[in-house]
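Written below as structure tokens is the structure these notes are about.
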Amino acid sequence: MNTMTRLLVCAALSALPALLIVPAHAGLPATLQVDVNKPGVAIPGSFYGLMTEEINHSYDGGLFAELIQNRTFQDPVPRGRQTTPQSLPIHWSLVGDGTASLDRNEPVNAALPLSLRVELSGKVAGVSNDGYWGIPVRPDTTYTATFYAKTGGGFKGPVTAALVLDEGHVTVAQADTKEVADRWRKYTVTLTTGHDAPTTAKAQFVLSASGTGSVTFSLVSLFPPTYQNTPGGLRPDLMKLMADLHPAFIRLPGGNYVEGSTFNTRFNWKQMIGPSDQRPGHMGCWGYRSSDGFGLPEYLLWCKQLNAEPVLAVFAGYVLNGQHAEAGSSEMALYTQESLEEIEYVSGPKDSTWGKRRVADGFPEPLPLHYVEIGNEDWFDKSGSYDGRFTQIATAIRQRYPQLKIIASAPVKRLKPDVYDDHFYRDARTLMNQASQYDKARQPAAMTFAGGAWNRRQTNGILTFVGEWATQEGRPTPNCNAALADAAFVMGLEKNADAVTMECYAPLLVNVNPADRAKGYPKASQWKTNLIGYDALRSFGSPSYYAQVMLGQNKGDVVLPSTLNVAPVAAATQPASAPMSVFASVTYVTASHTVIVKVVNISENSIDMAINLRGTERVDSSGTATVLTGDPEQVNTLDQPTNIVPKQDRVTGASASFRRTFPSYSLTVLRLIATPK
Ligand code: AHR
């Protein structure tokens with residue numbers, strides 16, 4: 001401590017006679033007054049949601065259960081990987097005695113311009129795929145392989161599909177097609193592993209044939225069992241983790257992904273509907289190509305299976321290389337029209353033009369849609385064109401769909417949005433400080449926008465959507481300290497649910513595979529801190545994930561007014577690394593008379609809190625407590641997925657006035673039954 005700091009601390013101590021000198025780690029006294037009979041702001045059912053995009057292999061190599069990477073042979077070669085003119089497409093290798101090469105002649109269709117041709121030399125030959133950092137296999141499991149194939153050079157016979165280990169020395173499942181035709185046909189085979197098959201992420205998928213002549217392949221696909229057994233569907237473990245978050249909405253399709261790096265690679269949803277063989281795929285904005293097997297219908301499937309509503313972001317004429325289309329231009333007319341059609345695809349009647357296409361894609365019923373966001377983070381567009389672009393699209397949407405609420409992604413002047421989307425990626429301390437930025441009592445007079453967010457609640461009836469936020473501490477998933485700061489932030493939003501109508505952490509998903517230098521594969525992730533991690537076989541929730549589960553499952557329908565007082569502590573007892581921070585938020589489930597008390601203690605002292613439930617007629621003495629606690633730096637990993645997980649505890653001795661100790665570095669959720677007077 002320098003002399004000036006010492007003087008300031010001494011001055012502060014002498015000015016505050018009530019300041020406690022508490023030994024580190026001792027319980028600090030605190031009181032929480034709750035007015036149970038004075039329900040405050042209502043918390044919308046839509047409050048908690050999810051957000052990700054094609055980043056970190058969130059879909060390809062993540063939620064989309066497809067196991068073949070580069071299934072149409074169009075993926076670019078990663079920077080630094082050595083190739084020759086004879087090299088096969090990335091993730092594909094030759095197996096057996098033959099040769100293989102890319103073939104551009106007579107493609108299946110325009111969306112599948114490339115195929116992979118194997119020349120047979122009398123023995124067994126074929127091609128293998130190594131998946132998304134490995135193909136996962138498990139015992140007693142059935143996989144469905146589909147591919148286009150055709151023969152040449154007089155070859156007659158079946159194709160064998162197999163799941164193999166140890167460079168093909170061990171076969172764990174295999175199946176033959178019928179005799180392959182000499183023109184393109186789609187083949188489907190099922191592969192079932194035995195009871196004694198290993199559980200591993202190291203398998204490869206092989207297509208081979210035996211004889212002379214050639215076999216050519218296109219759109220090679222392999223699916224394991226999916227969530228709710230939907231063909232071409234989603235990965236069950238990730239869906240289960242998401243379902244436990246109780247999301248009410250999914251903000252889709254991005255993020256930067258809606259914009260794309262260039263106009264040609266924007267989120268062009270019309271190229272991402274229909275059967276998979278009609279989807280050409282496109283270069284994503286996070287350094288890898290998207291197969292678009294996870295396209296608009298799969299977004300709808302994701303929503304439907306989680307019982308969540310889409311919050312649909314439409315492309316708004318700005319791309320990440322900085323270019324934009326001018327309001328009033330023919331390009332903007334096209335993007336505006338595409339937005340209207342996209343809304344019709346998602347939510348229009350089944351006999352409308354685009355509703356019919358949705359029905360053909362497996363969704364007879366329109367999805368509920370209440371919010372449409374125009375663009376994403378358009379504050380990056382320094383030309384000032386967003387005001388005009390927003391106005392053009394929003395006006396058209398309001399004319400056609402007056403019931404929809406329009407979200408603006410950056411400040412606009414010409415047309416009033418219904419909602420603004422604020423983004424916060426911060427360190428723990430900064431985010432916790434921002435937990436109160438929407439508090440009525442703490443509103444700065446001047447309204448400013450910086451770094452992705454406004455500085456306060458909106459006026460004129462406009463609401464706020466906190467559409468991306470995270471404490472960025474811990475890589476590739478947040479640590480315990482981040483989880484607690486995240487919880488404090490969300491509790492601050494929840495208390496202001498009259499101003500903040502929805503929130504979602506971002507990004508949601510990360511494939512945690514590191515780079516494979518031997519094969520020249522980059523690491524799977526691009527973003528530093530993400531909520532849920534996985535490889536091909538396993539997955540885990542971060543501490544922040546569990547904090548969000550606790551909050552999502554304990555929302556309540558109304559905020560109860562509460563006042564938290566924590567005894568001030570002498571600065572000398574608090575190491576600079578662990579400043580004192582306690583946060584509380586109290587909500588109520590009216591139908592069941594449940595008071596939900598949420599407390600974050602992000603200090604090294606436990607908190608000995610007197611909880612006063614005022615205005616109650618009766619308080620049950622027993623309740624439940626869920627506690628998440630751990631060292632600030634602790635994380636969960638694939639190998640140790642449950643280092644930090646919530647523990648259940650019983651509350652006994654609850655009353656209108658009772659005490660409870662909240663451990664250091666913890667998030668606690670109490671559920672108590674209390675009837676108001
Ligand atoms: O969530 C990751 C990225 O962060 C999003 O694509 C973008 O909107 C934000 O800058």
Side-chain angles (χ1 to χ4, degrees), residues 52-95 100-104 112-116 127-136 167 201-207 217-222 254-257 259-262 264-267 279-294 319-321 475-476 507 509-530 533-537 638:
T52 191
E53 58 191 294
E54 187 52 278
I55 184 175
N56 305 320
H57 285 275
S58 287
Y59 306 141
D60 285 354
L63 181 57
F64 184 46
E66 172 65 81
L67 298 178
I68 303 297
Q69 183 157 202
N70 195 11
R71 64 186 193 169
T72 63
F73 318 121
Q74 298 177 77
D75 288 4
V77 177
R79 218 177 305 145
R81 187 180 145 103
Q82 302 300 321
T83 58
T84 67
Q86 288 73 42
S87 295
L88 293 190
I90 185 159
H91 298 292
W92 290 94
S93 306
L94 177 69
V95 294
S101 58
L102 260 188
D103 192 351
R104 293 172 195 276
L112 301 172
L114 301 180
S115 42
L116 193 53
V127 282
S128 74
N129 185 277
D130 57 9
Y132 290 93
W133 293 264
I135 289 181
E167 301 303 321
K202 299 251 177 284
Q204 296 190 338
F205 178 68
V206 177
L207 288 176
F217 300 105
S218 190
L219 185 55
V220 181
S221 169
L222 177 70
N256 288 356
Y257 191 56
E259 303 166 271
S261 303
T262 63
N264 281 340
T265 55
R266 71 186 197 277
F267 187 84
R279 304 188 198 180
H282 77 291
M283 192 61 202
C285 59
W286 292 102
Y288 60 95
R289 195 167 190 283
S290 169
S291 74
D292 293 343
F294 193 99
V319 290
L320 298 168
N321 69 7
R475 291 174 188 219
L509 296 173
V510 60
N511 185 318
V512 298
N513 271 295
D516 183 336
R517 300 210 188 284
K519 289 184 169 167
Y521 297 165
K523 69 173 180 166
S525 63
Q526 295 80 43
W527 196 257
K528 70 176 179 184
T529 309
N530 313 277
Y534 50 87
D535 65 4
L537 194 64
L638 286 175

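Nothing fancy with the numbering, it's 1 onward along the sequence. These values consider heavy atoms only, across backbone and side chains, with no hydrogens, waters or symmetry-generated copies.
- When atom types are taken as modelled, the side chain of Asn70 and the backbone of Gln74 share a donor-acceptor pair closer than 3.5 angstrom.
- Using the six-membered ring where Trp is involved, Tyr59 and Phe294 have ring planes that are parallel, under 30° apart on the 30 and 60° scheme.
- With ring centers used as reference points, Phe73 lies under 6.0 Å from Trp92.
- Looking at every heavy atom in both residues, Gln204 comes nearest to Ser128 through OE1-OG, 3.6 Å.
- Between the side chain of Glu66 and the main chain of Asp60, no donor-acceptor pair closer than 3.5 Å is present.
- Residues passing the salt bridge (Lys or Arg N to Asp or Glu O under 4.0 Å) test with Arg289, sequence neighbours excluded: none.
- Heavy atoms only, all atoms of each residue included: Ser58 and Glu53 are closest at CB-O, 3.1 Å.
- Checked options Asp292, Thr265, Asn264; the residue passing with His282 is Asp292 (criterion: side-chain hydrogen bond (donor to acceptor under 3.5 Å, both in side chains)).
- Scored by the side-chain hydrogen bond (donor to acceptor under 3.5 Å, both in side chains) test, Glu259 finds Asn376 as partners (sequence neighbours excluded).
- When every heavy atom of Pro507 is checked against every heavy atom of Trp527, the shortest pair comes out as CD-CD1, 3.1 Å.
- A 4.5 Å side-chain heavy-atom check between Arg81 and Tyr521 finds at least one atom pair inside the cut-off.
- Annotation: the span from Ser525 atom OG to Asn530 atom CG amounts to 7.0 Å, rounded to 0.5 Å.
- Applying the salt bridge (Lys or Arg N to Asp or Glu O under 4.0 Å) test to Lys519 and every residue at least two apart in sequence or in another chain returns Asp130.
- In terms of heavy-atom proximity, Pro89 sits nearest to Leu102 at CG-CD2, 3.7 Å.
- Tyr257 has its side chain out of reach of Thr52: every pair of non-hydrogen atoms, C-beta onward, lies at least 4.5 Å apart.
- The structure places CD of Glu54 at 10.5 Å from CE of Met283, a figure rounded to the nearest 0.5 Å.
- Under the 3.5 Å distance criterion, with hydrogens and angles disregarded, no donor-acceptor pair is assigned to the side chains of Gln69 and Trp133.
- Proximity of Arg71 to Ser291: side-chain heavy atoms (C-beta onward) are separated by under 4.5 Å at one or more points.
- A 4.5 Å side-chain heavy-atom check between Leu509 and Asn56 finds every atom pair outside the cut-off.
- In this structure, the separation between CG on Leu94 and CD on Gln86 is 12.0 Å, given to the nearest 0.5 Å.
- Atom CG of Asp75 is separated from atom OG of Ser290 by 9.5 Å, given to the nearest 0.5 angstrom.
- Ring planes of Tyr288 and His57: parallel class, angle under 30° (limits at 30 and 60°).
- Of all heavy-atom pairs between Asn513 and Asn511, the closest is ND2-OD1, 2.9 Å.
- With contacts defined as side-chain heavy-atom distances shorter than 4.5 Å, the pair Pro113/Arg104 does not qualify.
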Practice item. Apply side chain to side chain contact (heavy atoms under 4.5 Å, CB included) to Leu207 and Val220, showing your working. Key: CA-CA 9 Å; Leu207 288 176; Val220 181; 3.8 Å; yes

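- Annotation: side chain of Leu67 is not in contact with side chain of Tyr132 (no heavy-atom distance under 4.5 Å).
- For the pair Ile90 and Pro78, the minimum side-chain heavy-atom distance is below 4.5 Å.
- Side-chain contact check for Leu222 versus Asn129: every heavy-atom pair is 4.5 Å or farther apart.
- A donor-acceptor pair under 3.5 Å is formed between the side chain of Ser115 and the backbone N or O of Asp103.
- The heavy-atom pair separating Leu320 from Cys285 by the smallest distance is CD1-CB, 3.7 Å.
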